[in-house]
Student: 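Structure provided below as structure tokens; questions to follow.
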Amino acid sequence: MTGLVIRLAPHERVLLNGAVIENGDRRTSLSIKTPNAHVLRLRDAIHPEQANTPVKRTCYLAQLILAGDSQADDMITPLIRAIDQLAQVFTDPDSRKLLNNASETAQKGEFYQTLKSLRALLPREERLFTARLS
């Protein structure tokens, strides 16, 4: 990987290898050059009580690794298993592409990209739940 670029809004916070970094008054970009650095935007963080749907629970697994709360070696199998279970529900081509990317990046240890792909499924999951309740 050539590096991860994160664009931060004013006063946005990000967790980088366990340290909370807060941006200043202006928009800025951070270029993370260290491979496999653990990066989590705090605005995107899912709290444990919010992990109440299959996609959110899967996102939360990836988040635990990025936050440094769990070791990647301990979480990779449950994470891949959860992604595989989502693939049985999200069968459309766009969702499949996101899930394939999530699985591939997880296996490479690129958990920020894994979380990014999984988060893209959240609106789709919301639509499924809404349609089911209607």
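Given the structure is predicted, the values throughout are model-derived calculations rather than measurements.
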Student: Is it the case that the side chain of Thr34 and the backbone of Ala37 share a donor-acceptor pair, with hydrogens and angles ignored and the cut-off at 3.5 Å?
Tutor: no

Student: Could you go through Leu42 and Val14, starting from their C-alpha distance and side-chain angles, then the distance that decides it, and tell me whether this counts as side-chain contact (heavy atoms from CB on, under 4.5 Å)?
Tutor: CA-CA 5 Å; Leu42 293 182; Val14 65; 5.9 Å; no

Student: Can you pull out every salt bridge (Lys or Arg N to Asp or Glu O under 4.0 Å) where at least one residue sits in residues 75-90? Sequence neighbours excluded, please.
Tutor: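 The answer is none; no pair qualifies.
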
Student: Out of curiosity, Gln50 CD to Tyr60 OH, how far, rounded to the nearest 0.5 Å?
Tutor: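 If I round to the nearest 0.5 Å, the distance is 10.0 Å.
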
Student: Test of understanding: with side chain to side chain contact (heavy atoms under 4.5 Å, CB included), list the residues that count as partners of Ala9, not counting sequence neighbours.
Tutor: Glu12, Arg27

Student: How far apart are the closest heavy atoms of Ile65 and His38, and which atoms are they?
Tutor: O-ND1, 3.3 Å

Student: Does the side-chain contact (heavy atoms from CB on, under 4.5 Å) test come out yes or no for Asn23 and His11, once each step is laid out?
Tutor: CA-CA 5 Å; Asn23 189 24; His11 303 287; 6.0 Å; no

Student: With sequence neighbours excluded, tell me which residues meet salt bridge (charged side-chain N to carboxylate O under 4.0 Å, His left out) with Arg26.
Tutor: none

Student: Sequence neighbours excluded, which residues qualify as salt bridge (charged side-chain N to carboxylate O under 4.0 Å, His left out) partners of Arg124?
Tutor: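 Listed in chain order: Asp92.
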
Student: Please check if Val5 and Leu8 belong to a single hydrophobic cluster, counting links between Ile, Leu, Val, Met, Phe, Trp and Tyr side chain heavy atoms closer than 4.5 Å.
Tutor: no

Student: Checking Thr28 against Arg7 for the side-chain contact (heavy atoms from CB on, under 4.5 Å) test, could you report, in this order, the C-alpha distance in whole Å, the side-chain angles of both residues, the deciding distance, and whether it holds?
Tutor: CA-CA 6 Å; Thr28 192; Arg7 289 171 181 77; over 6 Å; no

Student: Hey, could you give me the CD1/CG distance between Ile32 and Leu4, rounded to the nearest 0.5 Å?
Tutor: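 So the CD1 of Ile32 and the CG of Leu4 are separated by 6.0 Å.
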
Student: Stepwise, does the side-chain contact (heavy atoms from CB on, under 4.5 Å) test hold for Thr105 with Tyr112?
Tutor: CA-CA 9 Å; Thr105 56; Tyr112 183 86; over 6 Å; no

Student: In Å and rounded to the nearest 0.5 Å, what is the CZ to NZ distance from Arg41 to Lys116?
Tutor: 9.0 Å

Student: Is there a side-chain contact between Val89 and Pro54, using heavy atoms and a 4.5 Å cut-off?
Tutor: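 No, too far: nothing below the 4.5 Å cut-off.
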
Student: Less than 4.5 Å apart, side chain to side chain, heavy atoms only: is that true for Val39 and Ile6?
Tutor: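 The answer is yes, as the side chains (C-beta and beyond) meet within the 4.5 Å cut-off.
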
Student: Nearest 0.5 Å, please: how far is CG in Leu66 from CG in Leu16?
Tutor: 10.5 Å

Student: Determine the minimum heavy-atom distance between Leu40 and Ala45, stating which atoms define it.
Tutor: CD2-CB, 4.3 Å

Student: Report yes or no: do Ser117 and Asn101 form a side-chain donor-acceptor pair below 3.5 Å?
Tutor: yes

Student: Between the side chain of Gln107 and the main-chain N/O of Glu104, is any donor-acceptor distance below 3.5 Å?
Tutor: no

Student: Using modelled atom types only, decide if a donor and an acceptor are shared between the side chain of Thr114 and the backbone of Ala106 within a distance under 3.5 Å.
Tutor: yes

Student: Taking atom CZ of Phe90 and atom CG of Leu128, what is their separation to the nearest 0.5 Å?
Tutor: 5.0 Å

Student: Does any part of the side chain of Thr58, heavy atoms only, come nearer than 4.5 Å to the side chain of Leu79, both counted from C-beta?
Tutor: yes

Student: Working to the nearest 0.5 angstrom, can you tell me the gap between Ser103 OG and Leu118 CG?
Tutor: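 Separation between the atoms: 9.5 Å.
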
Student: Using the test side chain to side chain contact (heavy atoms under 4.5 Å, CB included), find all partners of Thr91 that sit at least two apart in sequence or belong to another chain.
Tutor: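 In terms of side chain to side chain contact (heavy atoms under 4.5 Å, CB included), with neighbours along the sequence ignored, Thr91 is linked to Arg96.
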
Student: Which residues pass the side chain to side chain contact (heavy atoms under 4.5 Å, CB included) test with Arg119, not counting sequence neighbours?
Tutor: Asp44, Ile46, Cys59, Leu115, Leu122

Student: Do you know which two heavy atoms are closest between Ala82 and Leu61, and how far apart they sit?
Tutor: CB-CD1, 4.1 Å

